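Worksheet: one structure, shown below.
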Amino acid sequence: MTTDEKHVETRQEAKLFFSRFLLEWYHIQKRDLPWRRHRNPYYIWISEIMLQQTRVDTVIPYFNRFIERFPTVEALADAPEEEVLKCWEGLGYYSRARNLQHAAKQVKENYGGQVPDDRDAVFGLKGVGPYTAGAILSIAFNRPEPAVDGNVMRVLSRYFLIEDDIAKGPTRVKMEKLAAELIPEGEAGSFNQALMELGALICTPKSPRCLPCPVMEHCAARLAGCEASLPVKTKAKPPRPEERLAALVEGRGEHAGRVLIRQRPASGLLARMWELPHWPAPPAEPGGGSGALLPEAAALDRLRRSMSQAGIHARPEEHWMAAEHTFSHIVWTLQVYRCREEAVLPLAAESRAVYLAAPAGRGDSAMAVDADAAQAAAQPQAAALQADEQPALFDSGDAAADAADSGALRWINREDMANYAFPNVFLKLLNSYFEQ
DNA sequence: AATGCGGGGTC
DNA sequence: GACCCAGCATT
């Protein structure tokens, strides 16, 4: 027997050992999770979308609320998008929610409301990529497809001592081939979940718990003593900082007790979510140092101009608090200022005509205000002047949203918050404000 | 192949 | 504070 053949035999034995003992361990140790209590393909699908880049403990309450509110594919397909977003509020990566509903419509219309069980059909659903397709096919239908996520790549890179960079595309393909070879006959669903369960509970990113690991005996990285340095993964580049000025505008008169919120554009960052209006802060004076806070007067002035340009008639009064919000690629530092709505001035005849021609209000608290149109119509020259007064554009990662500044504005009270989906940072700010 | 896209837990 | 998590869409 040549060395090569001996190596192959050893590796083959290592694979068989791995599959057998991992599966045995899983049957004993698997967690009781809501989506494991039934074999409902819709539940599996929802859970897999929610679990993208998100931990199990975070997902559980969202999953339970979601299937209560949208028990079937059809219920999800027919729901208003705002309700789906509201159900996703705080979970992050909101395009998942919109893609999921898009896919629910696909399933309703193309597959009679039944989650399809063939590879091409599942893969064709919006928001379903290589991992999620494999997860749905194997867990819901026990099809022998690999489901390779970050956990699986970590486990396999250690057990088989694979030093490929898991951030690279080809590495995932390689891992999928390996994972497919490991699936025991008729056990695809359990085996794929076992791999991920091991990654989540035992073979963790830092300080893996090797002693209770069911496959430690043949783990190549453990045997070589390099389990802590695997997997190899190139570092993500750090998020860029962005200083922004936010307005918490308190209404007067008919808006008393309400604050002004704005809806974000339909695409891009936090698409269609609601927020406190905010704008890039101009860079602090060079003399102040890079991290220097904008002087209060300059910030108030800047905010006043931004609001005016956005058609918001309000006066910034005082700094309220700072808030930080970290995305994977941006870090916002929001300086929030309390502002007061200004008394509405008598409208010019020209703008009154536009105002009266506008559609009738849709109820009190939920009445939309097309601020830009109203402002542009009411004060076209003022708007132009103010635009001219603006300092030269400085770097903003949110340039499109800032330039368009097109979101609908609404005055809401505490109870209205139940009808709008907010990113967590604004949820916390608004809750904090209304609690006072 | 690289980048945009949330939010939170862990060490 | 650094990492990274049951990734996908877009370019």
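In the text below, chain A, chain B and the rest are named by the order of the sequence lines, each starting its count at 1. Below, each value reflects all heavy atoms present in this structure, side chains not excepted, and no hydrogens, waters or symmetry copies. Computed from a prediction, not measured in an experiment: that's the story for all the values here.
Taking only side-chain nitrogens and oxygens, Gln52(A) never comes nearer than 4.0 Å to OP1 or OP2 of dG7(C). Between dG7(B) and Tyr94(A), a contact under 4.0 Å exists linking OP1 or OP2 to a side-chain N or O. Between Lys206(A) and dC5(C), a side-chain N or O to OP1/OP2 separation shorter than 4.0 Å is absent. Under 4.0 angstrom from either OP1 or OP2 of dT10(C) there lies at least one side-chain N or O belonging to Lys126(A). Checking the phosphate oxygens (OP1, OP2) of dG4(B), no side-chain nitrogen or oxygen of His329(A) falls inside 4.0 Å. Asn424(A) has no side-chain polar atom (N or O) that falls below the 4.0 Å cut-off from OP1 or OP2 of dG7(B).
Relative ring orientation between Tyr420(A) and Phe422(A) is described as tilted, the plane-to-plane angle lying within the 30° to 60° band. Relative ring orientation between Phe21(A) and Phe17(A) is described as tilted, the plane-to-plane angle lying within the 30° to 60° band.
Mapping Ala236(A) and Arg172(A) onto DNA chain C via the closest heavy atom, the residue that lands nearer the 5' end is Ala236(A). Of the two residues near DNA chain B, Thr204(A) and Ser328(A), the one whose nearest nucleotide lies more 5' is Ser328(A). DNA chain B is contacted by both Phe327(A) and Asp57(A); Phe327(A) maps to the nucleotide lying nearer its 5′ end (nearest heavy atom per residue).
When rounded to the nearest whole Å, the span between CG of Leu100(A) and C1' of dC8(C) equals 13 Å. Rounded to whole Å, atom C1' of dC5(B) lies 15 Å from atom CD1 of Ile49(A).
The neighbour count for Gln114(A) CD, taken as heavy atoms of other residues, nucleotides or ligands under 6.0 Å away, does not exceed 12. Around the CD atom of Glu181(A), the shell of radius 6.0 Å holds more than 12 heavy atoms that belong to other residues, nucleotides or ligands. Annotation for Arg20(A): atom CZ does not count as buried by contact number, only 12 or fewer foreign heavy atoms lying within 6.0 Å.
At the heavy-atom level, Pro170(A) lies under 4.0 Å from the strands shown only through sugar-phosphate atoms. Contact annotation for Val152(A): no contact, since no heavy-atom pair falls under 4.0 Å across all strands. Among the atoms of the strands shown, only primed sugar atoms or phosphate atoms (P, OP1, OP2) are found under 4.0 Å from some heavy atom of Arg154(A). Within 4.0 Å (heavy atoms only), Gly90(A) reaches sugar-phosphate atoms of the nucleic acid but no base atom. Using a 4.0 Å heavy-atom criterion, one finds that Pro130(A) contacts the sugar-phosphate atoms exclusively.
For DNA chain C, the residues of residues 28-47 of chain A within the heavy-atom distance limit of 4.0 Å (strictly under) are Arg31(A), Leu33(A), Arg36(A), sorted by number.
Expressed to the nearest 0.5 Å, how far CD of Glu197(A) lies from CZ of Arg31(A) amounts to 4.0 Å. Put simply, CE on Met153(A) and CG on Leu195(A) are 12.0 Å apart, with the number rounded to the nearest 0.5 Å.
For dG6(B), its base sits under 3.5 Å from the side chain of Thr54(A) at one donor and acceptor pair at least.
Rounded to whole Å, the P atom of dG9(B) lies 23 Å from the corresponding atom of dC8(C).
A distance-only check finds a donor-acceptor pair linking the side chain of Asp165(A) to the backbone of Thr234(A) [under 3.5 Å].
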